[in-house]
Chemist: 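I'd like to ask some things about the structure below.
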Number of protein chains: 2
Amino acid sequence: MIQNLSKLERQRRIKEHILKDPFLSDKKLAELFNFSVQTIRLDRLEMGIPEMRKRIVQVAKNTTSTDKVKSLKKEEIIGELIDIELGKNGIAILKTTKNMAFGRTGIIRSHYIFSLADSLAISIIDTEVALTGIARLSYKNPVYAGQTLVAKARVARNRGNKYLVSVHVKSDQKEVFTGKLVIFSVNDKVKKEKT
Amino acid sequence: MIQNLSKLERQRRIKEHILKDPFLSDKKLAELFNFSVQTIRLDRLEMGIPEMRKRIVQVAKNTTSTDKVKSLKKEEIIGELIDIELGKNGIAILKTTKNMAFGRTGIIRSHYIFSLADSLAISIIDTEVALTGIARLSYKNPVYAGQTLVAKARVARNRGNKYLVSVHVKSDQKEVFTGKLVIFSVNDKVKKEKT
DNA sequence: CACCTATTATTAGCAACTACTAATTGTAAG
DNA sequence: CTTACAATTAGTAGTTGCTAATAATAGGTG
């Protein structure tokens, strides 16, 4: 076989292939490129690319660290409760970070803002258990990682176990989000009211 | 027969350990349980548990399974994308766990369900960047930790860069959440917009 | 006692390597 | 043309974490 690829070019391509598919063994790469397994190995060593098995372990460990269901940690959710008057109103702040944002744009993912609002809304209801029923959300302006959000919530109406909570979220005086949430308080044995 | 019980118990524990940490080799398990490597192997074979390397590959492949989506990197998606037709519809599932729930009641916090719906809605928009604008959410029934949620989303309307996505979330055929989200696609330099 | 199960040991072999040495090929310079 | 040198290929030994199969041993039970 005529080798029309320069060594460097081949190495660049090997690297590319491995990045795209870490599950490629040296043997398969050798078949792909029509070079001997030894050459592929030399290339890998020169580029400092670990063997397939170690690459797979790396990929697997990545999953575990990100943990599949990207769980929102509690601190991230609530932010920080600053002030609260049960049954009336409350203020919470959230310092946004890069890992709450879309990698490309740095814009905070909407559900983090909703989580802040929702958590705060539930917090100000003076009851054992509170559940969100209906919500209307409006995202006014994008929020960029690093900005600090201030959420203010107040109970706008309250009929029986049904609360209408209105939440406004600002960043630097600028409104970025508003929402109206209907929260139900569930006090006693009521666990499942619907079948 | 007394041995039998301890054997079963040991196998149960081995299974548990492997589930918790798929990176355990037979040798390490043998050290952990003070049994010979051969015994561990027999146990594994009886239980049909594959060898460490294959387990690692499985874990690694889990991560790689989802591609195809433009707007979100896979780590940014809440839940697991099952099927998607860009610009049209998509299905995602989320296995709920205790740490997504209120401790006392085991009821899943609402923003996890929203996050699932929101992520899915953004995923099906065929664009580089997609942002949530307005949302109307309705929580129909409480979800308890352990239940698996199936979210279906479809693009109901599309005018220009504005998409109306409707999302239905079910658990065991029962509808637990519905939402209508207005998503904006942002392809060029659009920074903020509100309609 | 023979029988049975659980456990452990032993051996051969495999995949996918590392690490090393050695041979071959290509090509350019003296 | 010959030598020098890099690139490539080949080959060997050793490693890890196994599978598969066979055998040996210990501990009961009927």
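Just so it is clear: chains get the letters A, B, ... in the order the sequence lines come, proteins before strands, and each one is counted from 1.
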Chemist: Could you give me the CA-CA distance, side-chain angles and deciding distance for Asn161(B) and Ser185(B), then say whether side-chain hydrogen bond (donor to acceptor under 3.5 Å, both in side chains) is met?
Modeler: CA-CA 5 Å; Asn161(B) 71 331; Ser185(B) 75; 4.9 Å; no
Chemist: Using the closest heavy atom to pick a nucleotide of DNA chain C for each, name whichever of Asp43(B) or Arg53(B) lands nearer the 5' end.
Modeler: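 It is Asp43(B) whose nearest nucleotide is closer to the 5' end.
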Chemist: Rounding to an integer number of Å, can you tell me how far Ile40(A) CD1 sits from dA7(D) C1'?
Modeler: 13 Å
Chemist: Please name all residues satisfying salt bridge (charged side-chain N to carboxylate O under 4.0 Å, His left out) with Lys28(B), sequence neighbours left out, ordered by chain then number.
Modeler: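 Lys28(B): no salt bridge (charged side-chain N to carboxylate O under 4.0 Å, His left out) contacts found.
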Chemist: In whole Å, what is the span from the CG atom of Leu42(B) to the P atom of dA20(D)?
Modeler: 12 Å
Chemist: Thr39(A) near the nucleic acid: base, sugar-phosphate alone, or nothing, with a heavy-atom cut-off under 4.0 Å?
Modeler: base
Chemist: Taking atom P of dT16(D) as reference, at what distance in whole Å does atom CZ of Arg55(B) sit?
Modeler: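 In whole Å, dT16(D) P and Arg55(B) CZ are 18 Å from each other.
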Chemist: Does dA6(C) have OP1 or OP2 sitting under 4.0 Å from an N or O in the side chain of Arg10(B)?
Modeler: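 Negative; the distance criterion is not met.
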Chemist: Could you state the NZ-C1' distance from Lys28(A) to dA15(C), rounded to the nearest angstrom?
Modeler: 12 Å
Chemist: From CD of Glu46(B) over to P of dA6(C), roughly how many Å is that when rounded to an integer?
Modeler: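 Rounded to whole Å, this separation is 7 Å.
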Chemist: With sequence neighbours excluded, give me every ring-ring contact (aromatic ring centres under 6.0 Å, His included) pair touching residues 26-61 of chain B.
Modeler: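 Residue pairs passing ring-ring contact (aromatic ring centres under 6.0 Å, His included), neighbours aside: His17(B)-Phe33(B).
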Chemist: If you only use heavy atoms from C-beta on, which nucleotide in dC18(D), dA15(C), dA9(C) is closest to the side chain of Ser25(B)?
Modeler: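 From the listed options, dC18(D) comes nearest.
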Chemist: Walk along nucleotides 18-26 of chain C from 5' to 3' and tag each nucleotide B, S or - by protein heavy-atom contact under 4.0 Å, base first, then sugar-phosphate.
Modeler: B--------
Chemist: Give the rounded distance in Å between these two atoms: NZ of Lys27(A) and P of dA15(C).
Modeler: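 Those two atoms, NZ and P, are 7 Å apart.
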Chemist: Taking only residues two or more places apart in sequence, or in another chain, which ones meet Asp26(A) in a salt bridge (charged side-chain N to carboxylate O under 4.0 Å, His left out)?
Modeler: Arg41(A), Arg44(A)
Chemist: Would you call Glu9(A)-Arg13(A) a salt bridge at under 4.0 Å N-O?
Modeler: yes
Chemist: Using whole Å, what does the distance between atom P of nucleotide dA7(D) and atom CG of Asn34(A) come to?
Modeler: 20 Å
Chemist: Taking salt bridge (charged side-chain N to carboxylate O under 4.0 Å, His left out) as the test, write out the residues that go with Arg55(A), two or more places apart.
Modeler: none
Chemist: Find the distance Leu29(B):CG to dT7(C):P and express it as a whole number of Å.
Modeler: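 Leu29(B) atom CG is separated from dT7(C) atom P by 15 Å.
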Chemist: If you look only at pairs with a residue in residues 154-165 of chain A, which of them pass as a salt bridge (charged side-chain N to carboxylate O under 4.0 Å, His left out), with sequence neighbours excluded?
Modeler: none
Chemist: Go through dT8(C), dA6(C), dT9(D) for me and flag the one nearest to the Ser36(A) side chain.
Modeler: dT9(D)
